[in-house]
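In what follows, every chain begins at residue 1, and chains take the letters A, B, ... in the order their sequences are listed.
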There are 2 protein chains.
Amino acid sequence: MDEPLRDTRTLVIQLRDRIADLIRDEGLNPGDKLPTEAQLTQRFKISRPALREALKLLEQDSIIYVEHGRGRFVSAMSAVQVDRPITVFESVTDMARHYGYATANKVLSVAEEAPDATTAEQLRLQPGERVIRLERLRLHKDEPILYCVDFIPRSIIPLRLYDVDWTGSLLDLLDQHRSRPRMSAAIVSAVMLPDDVVERNDLRDFGPALLIRETCFNAAGLPVVYALDYHRGSHFSFSLARK
Amino acid sequence: MDEPLRDTRTLVIQLRDRIADLIRDEGLNPGDKLPTEAQLTQRFKISRPALREALKLLEQDSIIYVEHGRGRFVSAMSAVQVDRPITVFESVTDMARHYGYATANKVLSVAEEAPDATTAEQLRLQPGERVIRLERLRLHKDEPILYCVDFIPRSIIPLRLYDVDWTGSLLDLLDQHRSRPRMSAAIVSAVMLPDDVVERNDLRDFGPALLIRETCFNAAGLPVVYALDYHRGSHFSFSLARK
DNA sequence: TGTTGTCAGTTGTCTTACAACATTAAGGAG
DNA sequence: CTCCTTAATGTTGTAAGACAACTGACAACA
């Protein structure tokens with residue numbers, strides 16, 4: 001139990017969210033005028049600088065826009081917000097669950113090996129450093145929907161490979177080794193599964209896959225995983241806002 | 001010529017960018033301490049509220065983070081910035097050019113028709129409203145790399161279809177009708193080209209495609225295009241940051 | 001009729017002050 | 001000497017007030 005009684009977020013962040021709520025709840029449409037700074041400071045009983053910082057944040061997110069001397073207005077972008085965009089970092093397990101897939105996790109292989117050039121570069125490995133290569137398949141109702149390969153620097157998980165349970169969430173596992181990924185740089189593309197993977201695992205009907213190659217970083221900015229996630233095209237699609 | 005002499009951006013926005021530059025130029029690494037607010041106000045000769053708004057913006061972008069009573073620090077995320085993320089809205093033409101593809105634009109068909117249910121919903125059409133359906137293929141060195149279908153409300157371009165040059169940038173065309181798209185809500189997935197498209201246009205070797213379905217909105221928040229862009233998997237991959 | 005001046009409303013910026021939190025060093029008790 | 005307490009200092013969080021700059025509307029004027 002560590003649910004704080006009072007909101008520990010800074011005043012400005014609370015304000016930002018309350019104003020965003022206000023826009024939604026009042027049913028304000030693009031172009032509608034927001035209350036003035038004077039009105040908002042009175043309403044929320046806060047100082048003008050605090051209010052302005054909150055408004056600036058909403059402005060940066062294109063929720064609102066300003067016209068000097070006229071006021072603040074609801075931006076068109078406020079209507080174009082996407083519920084669960086691909087740009088939010090989360091584990092593959094959580095992502096799949098959100099899509100309604102209760103995935104069974106099958107470990108195809110796990111081994112220690114020398115990294116290839118790409119992996120070594122992405123994980124910023126020293127010469128000679130080795131990686132754990134984890135190859136998994138996720139099934140939904142006995143149907144394969146995700147083929148994943150993860151590369152983890154050996155130094156992060158110094159245990160014997162067969163002492164580790166690889167079927168759970170990789171993020172949780174890394175969390176236990178103080179290396180929970182917090183963010184990533186990702187590249188998405190459309191591909192077919194590699195031939196050898198298809199043949200070894202009987203995945204002839206997998207069809208086109210959305211490949212996400214991502215290098216995941218922990219809170220300190222160090223790369224902890226290089227992941228290749230092949231999302232079965234017939235089962236996954238990701239949303240995002242562009243502006 | 002309407003090039004303003006002085007920077008018309010607000011002080012805060014200029015500050016935000018200058019501080020971001022400062023982090024890059026000084027070669028500050030994740031975890032490194034930024035100058036204090038007092039030092040920065042002196043350095044840039046600006047007030048503390050203005051500075052704090054700028055810093056708050058960088059904080060929202062995860063470029064920096066704050067610890068109350070200790071100072072501001074460079075976030076790990078600052079190193080994970082992606083050069084040209086998919087989340088930035090731009091025309092397909094510009095996007096392709098950036099990838100080094102000088103595309104020839106082939107119009108396969110253009111017609112006025114009744115929208116299907118999805119299109120009508122995405123474009124918020126009234127019953128009976130009609131759309132222009134524009135079907136195009138983009139070639140790079142005689143190789144097809146992009147198959148696009150665009151739906152535009154008929155009311156936006158009320159000209160006779162054969163009076164319009166459809167080979168150019170659709171964004172520029174809409175711009176001329178005061179409906180330039182500024183942002184979009186997009187869904188990406190991996191698919192094969194529809195069978196009928198493959199057959200009609202001899203695209204058997206196109207392979208897997210990255211499909212981006214996006215509804216584009218103008219500055220006022222009105223939908224102006226519903227676009228289906230099939231990016232040939234072997235030629236395109238998009239980057240983004242997740243956090 | 002068209003231009004200019006004035007005023008109120010709104011956002012942009014600055015100054016000053018104090019509160020809250022973190023770190024460090026000094027001092028005292030054992 | 002070691003450990004704890006306490007105070008001092010540095011840093012960010014929040015508040016209040018003031019003036020500048022911009023917009024829009026209307027009155028005054030030529």
Side-chain angles (χ1 to χ4, degrees), chain A residues 2 4-20 22-23 26 28 30-75 78 219, chain B residues 2 4-20 22-23 26 28 30-75 78 219:
Chain A
D2 55 345
L5 283 174
R6 69 169 203 279
D7 203 332
T8 56
R9 298 174 304 169
T10 63
L11 185 58
V12 171
I13 301 299
Q14 297 178 47
L15 259 179
R16 180 194 64 187
D17 296 342
R18 287 195 61 180
I19 297 173
L22 185 148
I23 293 173
E26 305 271 287
L28 266 52
D32 287 356
K33 192 167 182 305
L34 257 68
T36 67
E37 294 185 0
Q39 291 168 329
L40 288 172
T41 50
Q42 283 181 22
R43 177 164 184 168
F44 293 118
K45 301 274 191 301
I46 38 80
S47 72
R48 202 170 152 220
L51 175 71
R52 282 181 55 83
E53 286 182 26
L55 291 170
K56 208 71 173 189
L57 293 179
L58 292 172
E59 196 187 331
Q60 174 159 274
D61 275 353
S62 302
I63 308 289
I64 60 177
Y65 63 90
V66 189
E67 292 189 14
H68 189 180
R70 298 220 315 128
R72 289 197 162 78
F73 304 86
V74 176
S75 158
S78 67
Chain B
D2 54 347
L5 284 174
R6 68 173 201 274
D7 201 334
T8 55
R9 297 175 306 168
T10 63
L11 185 59
V12 171
I13 301 300
Q14 297 178 46
L15 258 180
R16 179 195 64 187
D17 296 341
R18 287 195 61 180
I19 297 174
L22 184 148
I23 292 173
E26 306 271 285
L28 265 52
D32 286 357
K33 191 166 184 304
L34 257 68
T36 67
E37 295 185 359
Q39 291 169 329
L40 288 171
T41 50
Q42 284 180 22
R43 177 163 184 169
F44 292 117
K45 302 276 191 299
I46 37 80
S47 72
R48 198 167 156 224
L51 175 72
R52 283 180 56 83
E53 286 183 27
L55 290 170
K56 207 77 177 182
L57 293 179
L58 292 172
E59 195 186 332
Q60 173 160 273
D61 275 353
S62 302
I63 308 290
I64 59 176
Y65 63 91
V66 189
E67 293 189 15
H68 189 179
R70 297 220 316 130
R72 289 198 162 75
F73 305 86
V74 177
S75 158
S78 67

It should be established whether A:Ser47 places a side-chain nitrogen or oxygen under 4.0 Å from OP1 or OP2 of nucleotide D:dA15.
yes
Atom-to-atom span, CD1 of A:Ile64 to C1' of C:dT11 - whole angstrom
12 Å
A:Leu15 CG to D:dA15 P, in whole Å, measures 8 Å
Report the distance from atom CD1 of A:Ile23 to atom CG of A:Leu28, rounding to the nearest 0.5 Å.
6.5 Å
From CG of A:Leu34 over to C1' of C:dG9, roughly how many Å is that when rounded to an integer?
16 Å
Length of the CG-P vector between A:Leu11 and D:dT12, whole Å
18 Å
Send over the distance from B:Lys56 NZ to D:dT14 C1', rounded to a whole Å.
11 Å
Quick one: B:Ile46 CD1 to C:dT16 P, roughly how many Å, whole number?
15 Å
Which whole-number value in Å describes the distance from A:Phe44 CZ to D:dA15 C1'?
17 Å
Name the residue closer to the 5' end of DNA chain D, choosing between A:Glu67 and A:Val12 according to the nucleotide with the nearest heavy atom.
A:Val12
So which protein nitrogen or oxygen atoms get under 3.5 Å of nucleotides 5-11 of chain D's nitrogens or oxygens?
| unit_1 | atom_1 | unit_2 | atom_2 | d |
| --- | --- | --- | --- | --- |
| D:dG10 | N2 | B:Gly69 | O | 3.0 |

Could you tell me the separation between the CD1 atom of B:Ile63 and the CD1 atom of B:Ile19, rounded to the nearest 0.5 Å?
11.5 Å
Atom-pair distance (CD1 on B:Ile13; P on C:dT11), nearest Å
16 Å
Set of side chain to side chain donor-acceptor pair (under 3.5 Å) partners for B:Arg48, sequence neighbours left out:
B:Glu37
With a 4.0 Å cutoff (strictly under), does any side-chain N or O of B:Arg52 reach OP1 or OP2 of D:dG13?
yes
Mark yes or no for whether A:Glu53, through its side chain, and A:Val12, through its backbone, hold a donor-acceptor pair below 3.5 Å.
no
CG-CZ distance between B:Leu15 and B:Arg52, expressed to the nearest 0.5 angstrom
13.5 Å
Could you please name the option among D:dA15, D:dT12, C:dT13 that lies closest to any side-chain atom of A:Arg48?
C:dT13
Applying ring-ring contact (aromatic ring centres under 6.0 Å, His included), can you list everything that pairs with A:Tyr65, at least two apart in sequence or on another chain?
A:Phe73
Heavy atoms, side chains only, cut-off 4.5 Å: are B:Gln60 and A:Asp61 in contact?
yes
